[in-house]
Amino acid sequence: MASKSSSSKSSTDRKSVANLRAGKTSGGGGSSTLWENVKAILVTLAIFLAIRTFLIEAYRIPSGSMIPTLLVGDWLFVNKLAYGPHVPFTDINLPGYDDPERGDVVVFVSPNQIDQPEDPNPILVKRLVAVAGDTVWMRGGVFHVNGMAQRQGFPASENPKGDGGFSHPLFSWQKQFEVRGTPAGDPPASPTLDDWGPLVVPANFLFMLGDNRYDSKDGRYWGFVPRENVRGRPVFVYYTYNADESVRPLPFITDIRWGRIGTIIK
């Protein structure tokens with residue numbers, strides 16, 4: 001009987017040693033599994049944050065300033081790599097593979113908007129209409145770049161017309177950039193929505209306007225956009241619903257614009 005007991009104890013000791021060599025201890029299985037799950041979650045989160053920071057991000061259209069190109073309720077995928085991704089919590093912009101060009105729809109951080117201290121630098125999406133060195137002005141609602149009229153094509157030209165003579169104290173920023181002696185003549189004494197400039201876009205700055213010119217708070221109000229404020233280029237609409245006019249309950253489910261999903265942004 002003593003021999004059998006000794007043999008049993010020896011076998012148990014050998015199993016314990018084997019478990020220790022394999023890194024297994026009594027009661028440690030649960031901790032190991034938990035740590036593996038935590039690591040998987042952390043890796044997944046890191047990959048998600050890297051993609052969101054440096055490659056692509058979702059953006060929702062909250063206003064009608066870019067109608068008909070973008071509608072209220074559109075959700076876009078934004079290519080952040082194109083113009084160079086921004087490193088969060090820093091002033092660093094990494095190189096991109098493209099430069100913003102006239103005509104691009106661009107996502108950017110707004111210049112300081114003194115009239116909305118609760119959110120002075122929102123993320124906006126507008127159309128880039130002029131780059132550094134361009135001379136820009138508007139006469140009778142027609143936008144000009146370097147002397148060439150830039151008439152809005154259909155369907156943007158079908159947007160409702162507003163009061164082109166509207167003026168605002170926020171337009172006063174234009175005074176320091178006004179120039180004389182251009183084909184446009186002298187700048188108006190008081191800039192309005194339809195008549196302002198000529199202005200020269202400074203180095204390393206861009207000028208943005210909304211496609212819906214009479215319902216867009218854009219560069220006419222808050223000025224030029226620093227190049228480093230650019231955050232990306234919208235690619236396509238991946239989800240959209242009638243967010244501002246729907247009479248259906250739960251419109252994000254019941255009033256989806258199916259025919260617009262997949263629309264390429266131009």
Side-chain angles (χ1 to χ4, degrees), residues 52 56-80 102-111 113-129 138 140-143 150-171 192-196 207-222 225 229-266:
R52 184 177 182 273
I56 198 165
E57 185 175 1
Y59 181 82
R60 180 181 65 87
I61 300 300
S63 75
S65 67
M66 284 293 290
I67 291 173
T69 306
L70 301 172
L71 307 180
V72 180
D74 281 355
W75 287 79
L76 319 173
F77 275 135
V78 177
N79 180 351
K80 304 183 78 171
R102 297 187 202 95
D104 287 354
V105 177
V106 177
V107 174
F108 58 96
V109 177
S110 171
Q113 299 198 33
I114 60 175
D115 61 320
Q116 50 183 65
E118 72 287 351
D119 186 20
N121 304 105
I123 301 293
L124 302 177
V125 56
K126 305 288 182 186
R127 191 172 298 278
L128 171 58
V129 294
M138 190 174 280
V142 179
F143 179 66
Q150 310 292 309
R151 296 184 182 276
Q152 286 187 283
F154 180 83
S157 61
E158 299 301 305
N159 282 332
K161 299 296 188 293
D163 178 12
F166 172 78
S167 186
H168 196 283
L170 290 176
F171 296 170
T192 66
L193 282 180
D194 275 1
D195 293 277
W196 50 267
F207 187 61
M208 312 284 186
L209 291 176
D211 285 356
N212 193 7
R213 296 281 169 80
Y214 294 95
D215 190 21
S216 174
K217 187 182 179 187
D218 48 35
R220 292 169 293 186
Y221 292 82
W222 32 252
V225 177
N229 284 26
V230 171
R231 292 293 180 267
R233 178 170 61 199
V235 182
F236 65 92
V237 177
Y238 73 89
Y239 169 72
T240 179
Y241 71 99
N242 192 352
D244 57 351
E245 297 178 351
S246 180
V247 296
R248 301 178 183 179
L250 303 176
F252 60 92
I253 298 175
T254 61
D255 208 353
I256 297 174
R257 303 183 184 108
W258 294 104
R260 187 167 170 77
I261 293 177
T263 298
I264 304 298
I265 308 303
K266 299 179 181 179

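For the numbers below, each heavy atom of this structure counts, side chains included, while hydrogens, waters and symmetry mates do not. Numbers here simply count residues along the sequence, with the first being 1.
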**Report entry** Test side chain to side chain contact (heavy atoms under 4.5 Å, CB included) applied to I61 and V125, step by step
**Finding:** CA-CA 8 Å; I61 300 300; V125 56; 3.5 Å; yes

Query raised in the report: Are the side chain of N212 and the backbone of S65 linked by a donor-acceptor contact shorter than 3.5 Å?
Result: no

Query raised in the report: Does any pair with a residue in residues 62-72 pass salt bridge (Lys or Arg N to Asp or Glu O under 4.0 Å), and if so which ones, sequence neighbours excluded?
Result: none

Requested in this report: For D119, enumerate each residue passing the side-chain contact (heavy atoms from CB on, under 4.5 Å) test, keeping only those at least two apart in sequence or located in another chain.
Outcome: Q116, P122

Report task. Spell out, as yes or no, whether a donor-acceptor pair under 3.5 Å connects the side chain of T192 to the backbone of G164. Result -> yes

Report task. Start with the C-alpha gap between V142 and R151, add the side-chain angles, then the distance that decides, and say whether side chain to side chain contact (heavy atoms under 4.5 Å, CB included) holds. Result -> CA-CA 6 Å; V142 179; R151 296 184 182 276; 3.6 Å; yes

Report task. Sequence neighbours left out, what passes side-chain hydrogen bond (donor to acceptor under 3.5 Å, both in side chains) with R248? Give chain and number order. Result -> none

Would you give me the side-chain donor-acceptor pairs under 3.5 Å for residues 250-260, sequence neighbours excluded?
unit_1 : atom_1 : unit_2 : atom_2 : d
T254   : OG1    : P249   : O      : 2.6
T254   : OG1    : L250   : O      : 3.0
D255   : OD2    : S246   : OG     : 2.7
R257   : NH1    : V72    : O      : 3.2
R257   : NH1    : T240   : OG1    : 2.6
R257   : NH1    : Y241   : O      : 2.9
R257   : NH2    : V72    : O      : 3.0
R257   : NH2    : Y241   : O      : 3.4
R260   : NE     : D74    : OD1    : 3.1
R260   : NE     : D74    : OD2    : 3.0
R260   : NH2    : T69    : O      : 2.8
R260   : NH2    : D74    : OD2    : 2.7

Query raised in the report: Can you tell me how far the OG atom of S216 sits from the CE atom of M66, to the nearest 0.5 Å?
Result: 8.0 Å

Requested in this report: Not counting sequence neighbours, list each pair that qualifies as a salt bridge (Lys or Arg N to Asp or Glu O under 4.0 Å) and has a residue in residues 229-245.
Outcome: D98-R233

Report summary line: Contacts of F108 meeting ring pair (Phe, Tyr, Trp, His ring centres under 6.0 Å) (sequence neighbours excluded), chain-then-number -> W222

Query - Least distance between heavy atoms, Y59 atom then I123 atom - result: OH-O, 3.0 Å

Query raised in the report: Does any non-hydrogen side-chain atom of F207 lie less than 4.5 Å from one of L128?
Result: no

Query - Criterion side chain to side chain contact (heavy atoms under 4.5 Å, CB included) on F77 and F236, from CA distance to verdict - result: CA-CA 6 Å; F77 275 135; F236 65 92; 3.3 Å; yes

Query - Trace of the side chain to side chain contact (heavy atoms under 4.5 Å, CB included) decision for L76 with I265 - result: CA-CA 9 Å; L76 319 173; I265 308 303; 4.1 Å; yes

Report task. List in chain and number order the residues that pass side-chain hydrogen bond (donor to acceptor under 3.5 Å, both in side chains) with D104, two or more places apart in sequence or in another chain; answer none if no residue qualifies. Result -> Y83

Query raised in the report: Got a sec, which pairs hit salt bridge (Lys or Arg N to Asp or Glu O under 4.0 Å) with one end in residues 60-71, sequence neighbours left out?
Result: none

Query raised in the report: According to the interplanar angle, ranging from 0 to 90°, do the rings of Y239 and W75 count as parallel (below 30°), tilted (30 to 60°) or perpendicular (above 60°)?
Result: tilted

Query raised in the report: Is there a side-chain contact between V106 and K126 (heavy atoms, below 4.5 Å)?
Result: no

Report summary line: Hits for side-chain contact (heavy atoms from CB on, under 4.5 Å) against P155, two or more places apart or cross-chain, chain-then-number order -> P68

Query raised in the report: Has the side chain of N159 got a donor or acceptor atom that lies under 3.5 Å from a matching backbone atom of I67?
Result: yes

Query raised in the report: Can you check whether L209's main-chain N or O pairs, donor with acceptor, with R127's side chain at less than 3.5 Å?
Result: no

Query raised in the report: Does Y214 have any side-chain hydrogen bond (donor to acceptor under 3.5 Å, both in side chains) partners at least two apart in sequence or in another chain, and if so, which?
Result: D194

Query raised in the report: Can you tell me how far CG of N121 sits from OG of S110, rounded to the nearest 0.5 angstrom?
Result: 6.0 Å

Query raised in the report: Does R213 have any side-chain hydrogen bond (donor to acceptor under 3.5 Å, both in side chains) partners at least two apart in sequence or in another chain, and if so, which?
Result: none

Query raised in the report: With L170, which residues qualify under side-chain contact (heavy atoms from CB on, under 4.5 Å), at least two apart?
Result: I114, D115, H168, K217, Y221

